[in-house]
Amino acid sequence: MQTIKINASLPYDVFIGSGILKNAGEIIKSCGKEIKRAVVVTDDIVGPLYAEQTQKALNKSGISAELFMFPHGEASKSHSVLISLYEFLTEMQITRADILVALGGGVVGDLTGFAAATYLRGIEVVQIPTTLLAQTDSSIGGKTAVDIRNGKNLVGAFKQPLCVIADIGTLKTLDRQTFSDGMSEIIKYGCIKSRELFELINDGNVDENIEKIVSECVKIKKSVCEADEQDKGERMLLNFGHTLGHAIERYYDFTGITHGSAVAIGMCLISAKTEKAGLTKKGTTERIISCLKKFDLPVSTDIEIKQLLGFCLNDKKRSGDSLNLIVVNEIGKSEIRKVTIKQFYDLMEEKYEG
Ligand SMILES: NC(=O)c1ccc[n+]([C@@H]2O[C@H](COP(=O)([O-])OP(=O)(O)OC[C@H]3O[C@@H](n4cnc5c(N)ncnc54)[C@H](O)[C@@H]3O)[C@@H](O)[C@H]2O)c1
């Protein structure tokens, strides 16, 4: 088992290894808090697979564990599920001495993290991520949120976990699409920060190297979050491909395409344009495309660019008349460029009628 310390305002450890779920109780106890009760929060796909094992692991270390389960999917990252969770916690008389355990993908992690940030003005949360995306991205960095009708992640809080327990073994039960969606974000990490990681994914055997790949991503997320915990500077690099990706998701009303697929297309579109403008080394886009294709991820769209740009103007990453463009200069190196909306349209070779 590897341990990576995240030096956030409240530091915590990320434990990574295969089969470590069965040691969850001991690991939590090693974090230095006297804990007697926990509520394991999960969804109805992950629950039947891993909840019993998790509860047993906690019981073995003297922690009693209740279970709260909700329907899987983004639609559950909602106020109604959140309120049901708060009500369950009060019925179970959960106090600030107790903890929540988020067992699942990013939906479970974000919702449980937000509940932990707000219930009784804050109780501890342990993240046990079970998707590739959650192990490499959403469980680290302390961002939590729920969605509202007007947009995703619009109500949230920063809440650093007590610890993160990433059991690589749980990835074996992921379906192909969810695995590929995670790979899209991992390829993004390689593009923005690590040529070595990109080459490992592109040339190596991903299944054989999965633990190394997860830990490399955690180290990148660590470095970016430590430099910019509140998402006001370097952390924005993680948004490579996301402005256009979000526009694609909005075009499909967040139901017709997965986030990972939309980001994959977004990375290809923006990289092609910055390469044409001379900001990106020649051949980079081709390499990104060929790597994404290995995981059956889409690399283009039939949606007109002009239409997508309309959606970009409503993006929450926009600030006033400008937006932060993430440019991959070459595989493994990237920069944030503040550009006006007009400059963004010029780059995308579209007329701004603003
Ligand atoms: N907080 C952050 O910093 C951050 C960063 C990126 C994304 N996110 C959020 O993460 C969410 C997406 O997360 P996700 O991609 O993990 O989606 P998800 O949580 O919906 O999980 C995807 C699917 O996989 C299933 N699943 C999870 N683990 C499994 C396993 N081990 N075996 C079999 N099935 C399993 C789930 O039940 C679900 O159906 C979005 O809501 C996004 O906004 C948050």
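When a ligand or atom number is given, it counts from 1 through the structure's own listing order.
A side-chain N or O of T258 and one of D181 form a donor-acceptor pair less than 3.5 Å apart. Side-chain contact annotation: Y251 with T301, donor-acceptor N/O pair under 3.5 Å absent. Using modelled atom types, one finds no donor on one side chain facing an acceptor on the other under 3.5 Å when comparing H259 with E74. Side-chain N/O atoms of S215 and Q2 include a donor and acceptor closer than 3.5 Å.
Residue V46 holds the heavy atom nearest to atom 26 (N) of ligand 1 of all those in V46, D43, D167. Of the candidates T178, L49, L133, T178 brings a heavy atom nearest to atom 24 (O) of ligand 1. With L238, T144, T173 as candidates, the residue nearest to atom 30 (C) of ligand 1 on a non-hydrogen basis is T173. The residue among G106, G113, A145 with a heavy atom at the shortest distance from atom 14 (P) of ligand 1 is G106.
In this structure, atom 18 (P) of ligand 1 lies nearest to the protein heavy atom V107 CG2, 3.9 Å. T130 OG1, 2.7 Å is the protein heavy atom nearest to atom 28 (N) of ligand 1. Nearest protein heavy-atom contact of atom 9 (C) of ligand 1 is D110 OD2, 3.4 Å. Annotation: atom 5 (C) of ligand 1 to nearest protein heavy atom, S138 CB, 3.5 Å. The protein non-hydrogen atom at the shortest distance from atom 29 (C) of ligand 1 is L174 CD2, 3.4 Å.
Against a heavy-atom cut-off of under 4.0 Å, T170 is close to the following atoms of ligand 1: 30 (C), 31 (N). If you number the atoms of ligand 1 from 1 as listed, the ones under 4.0 Å from a heavy atom of Y50 come out as 31 (N). Ligand-side atoms of ligand 1 in range of K77: 9 (C), 40 (C), 41 (O), 42 (C), 43 (O), range being under 4.0 angstrom from any heavy atom. Listed by number with element, the atoms of ligand 1 under 4.0 angstrom from any heavy atom of I45 are 34 (N), 37 (O), 39 (O).
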message: Please evaluate residues E304 and E350 with respect to the criterion side-chain contact (heavy atoms from CB on, under 4.5 Å), reporting the C-alpha separation (whole Å), side-chain torsions for both, the decisive distance (0.1 Å), and the verdict.
response: CA-CA 10 Å; E304 277 183 32; E350 291 291 338; over 6 Å; no
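By the criterion of side-chain heavy atoms lying less than 4.5 angstrom apart, applied directly or through intervening Ile, Leu, Val, Met, Phe, Trp or Tyr residues, I4 is grouped together with I186 in one hydrophobic cluster. Note on I128: it does not cluster hydrophobically with M69, by side-chain heavy-atom contacts below 4.5 Å among ILVMFWY residues.
Here the closest non-hydrogen pair linking G310 and Y345 is N-OH, 3.9 Å.
Looking at E74 against ligand 1, only its side chain comes within 4.0 Å, counting heavy atoms. Contacts between H72 and ligand 1 below 4.0 angstrom, taking non-hydrogen atoms only, involve the side chain exclusively. Within the 4.0 Å heavy-atom criterion, the part of N153 lying near ligand 1 is the side chain and not the backbone. At a 4.0 Å heavy-atom cut-off, ligand 1 does not touch Q127 at all.
Between R96 and E124 there is no salt bridge, since no side-chain N of the basic residue sits under 4.0 Å from a carboxylate O of the acidic one. Salt bridge annotation for K5-E226: absent, with no cationic side-chain nitrogen under 4.0 angstrom from a carboxylate oxygen. A salt bridge is defined here as a Lys NZ or Arg NE, NH1 or NH2 lying under 4.0 Å from an Asp or Glu carboxylate O, and E275 with K273 fails to meet this definition.
Proximity of K221 to ligand 1 is established by a heavy-atom distance of less than 4.0 Å.
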